[in-house]
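Report on the following structure.
We're numbering straight along the sequence, starting at 1. The figures that follow rest on heavy atoms only: side chains count, while hydrogens, waters and symmetry mates do not. This is a predicted model, so every value here is computed, not measured.
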Amino acid sequence: DDFFRLSSPDAPPPAPGHVPQLVASTNGPAAPAIAVDSNGDLHVAALDGEQLVYVSRRAGTWSPKTSITSYPSDGGWIQQDSIRIAVDQAARPHIIWIRGYAPNLPVFNDDLFYAHFDGTSWPSPVSLSAPVLLGTGSSTRYPAITVNSLGQVHVWWHERVWPAGAGGVHHTIKSGGGVTAPHFLQ
């Protein structure tokens, strides 16, 4: 089994038998992304098979695993190096990731998705990347996320649309309940 382990950053490493196994996966590495909030609590997003999951460690206790996605077995996949997490001032996590899908090779699509904890639940993930026309494909790469002091979530990524080949860096902002349309940075 591929897995990752976390321990308290302030304590020496515990004996191997005492480190919690947070996510086990038979489909490759768990690809964790980790953020620390202003209270020093850990927030972790990772793969569990083909799904994205979230766990946190508050006051020395790990939360139960929460499923963020429920993708069907359709040949799609979450890019292991694309998971990013940021935490706002209220210690609410914001997660982005890229999911690829190639139903009709050589046409390939991948899109950037966003999910957040709103204080009581995880609303359904939303696609942030530029819309792709039927019969074309896209290549979405290099996602980044941060939360500013006003609580606005800023997301950047590079996207290239095929076959035209045009591409570049896009930016969007989540503020309050809405997300701005992607802005192409020139």
Side-chain angles (χ1 to χ4, degrees), residues 1-9 18-103 108-129 131-132 138 140-147 151 153-157 172 174 176-179:
D1 284 343
D2 295 317
F3 61 90
F4 68 93
R5 298 175 180 188
L6 296 174
S7 62
S8 170
H18 296 92
V19 177
Q21 180 174 326
L22 299 179
V23 176
S25 174
T26 57
N27 295 329
I34 302 169
V36 179
D37 65 30
S38 60
N39 298 317
D41 296 328
L42 296 174
H43 300 264
V44 182
L47 286 177
D48 186 6
E50 293 297 322
Q51 304 303 326
L52 185 67
V53 296
Y54 168 82
V55 293
S56 64
R57 182 181 169 111
R58 298 175 191 267
T61 302
W62 287 104
S63 69
K65 181 173 56 176
T66 300
S67 293
I68 304 304
T69 61
S70 57
Y71 291 120
S73 295
D74 61 1
W77 63 92
I78 295 174
Q79 293 178 7
Q80 294 180 357
D81 62 350
S82 74
I83 302 168
R84 306 287 187 272
I85 186 170
V87 182
D88 64 26
Q89 293 175 329
R92 292 181 300 239
H94 301 264
I95 304 169
I96 58 173
W97 67 96
I98 297 170
R99 183 170 192 262
Y101 183 65
F108 173 84
N109 290 318
D110 51 10
D111 292 300
L112 180 69
F113 288 87
Y114 166 79
H116 71 287
F117 184 70
D118 66 10
T120 57
S121 66
W122 290 85
S124 296
V126 296
S127 176
L128 297 179
S129 51
V132 177
S138 68
T140 307
R141 300 285 182 271
Y142 317 117
I145 186 170
T146 192
V147 182
V153 180
H154 291 262
V155 178
W156 296 265
W157 69 95
T172 190
K174 179 191 178 296
V179 177

message = Return the CG to CD1 distance between Leu128 and Ile98, rounded to the nearest 0.5 Å.
response = 10.5 Å

request  = Calculate, to the nearest 0.5 Å, the distance between atoms CG and OG belonging to Leu112 and Ser129 respectively.
outcome  = 6.0 Å

inquiry  = Looking at every non-hydrogen atom in both residues, tell me the closest pair between Pro143 and Ser82 and how far apart they are.
reply    = CG-O, 3.4 Å

Test side chain to side chain contact (heavy atoms under 4.5 Å, CB included) applied to His94 and Val87, Val153, Ile85, the passing residue = Val153

ask   = About how many Å separate CD1 of Ile34 and CZ of Arg57, when rounded to the nearest 0.5 Å?
value = 12.0 Å

message = Using side chain to side chain contact (heavy atoms under 4.5 Å, CB included), reason through Ile95 and Phe117 one step at a time and then give a plain yes or no.
response = CA-CA 9 Å; Ile95 304 169; Phe117 184 70; over 6 Å; no

remark   = Taking every heavy atom of Gln79 against every heavy atom of Asp110, the minimum-distance pair comes out as NE2-OD2, 2.9 Å

request  = List the steps, then state whether side chain to side chain contact (heavy atoms under 4.5 Å, CB included) holds for Arg58 with Asn39.
outcome  = CA-CA 9 Å; Arg58 298 175 191 267; Asn39 298 317; 5.5 Å; no

task = Could you please spell out the steps behind the side chain to side chain contact (heavy atoms under 4.5 Å, CB included) verdict for Trp77 and Leu47?
result = CA-CA 10 Å; Trp77 63 92; Leu47 286 177; over 6 Å; no

request  = Only counting residues at least two apart or in another chain, list the ones meeting side chain to side chain donor-acceptor pair (under 3.5 Å) with Gln51.
outcome  = Thr69

inquiry  = How close do Glu50 and Ile78 get, counting heavy atoms only, and between which atoms?
reply    = O-CD1, 3.8 Å

message = To check you understand the geometry: which heavy-atom pair defines the closest contact between Gln80 and Ala31, and what is its length?
response = O-CB, 3.2 Å

query = Measuring from Leu42:CG to Ser56:OG, what's the distance to the nearest 0.5 Å?
reply = 8.5 Å

Separation of Trp97 CH2 from Arg84 CZ (nearest 0.5 Å) = 13.5 Å

remark   = What one should report as the nearest heavy-atom pair of Ala33 and Ile83 is CB-O, 3.5 Å

inquiry  = Could you go through Tyr114 and Thr172, starting from their C-alpha distance and side-chain angles, then the distance that decides it, and tell me whether this counts as side chain to side chain contact (heavy atoms under 4.5 Å, CB included)?
reply    = CA-CA 11 Å; Tyr114 166 79; Thr172 190; over 6 Å; no

remark   = Closest non-hydrogen atoms of Thr120 and Asp118, given as atom of the first, atom of the second and distance, are N-OD1, 2.9 Å

task = Find the distance between CD1 (Ile68) and NE2 (His116) and round it off to the nearest 0.5 Å.
result = 11.0 Å

key: Ring-face cation of Arg99 near Phe113 (centre distance under 6.0 Å, axis angle within 45°)   = no

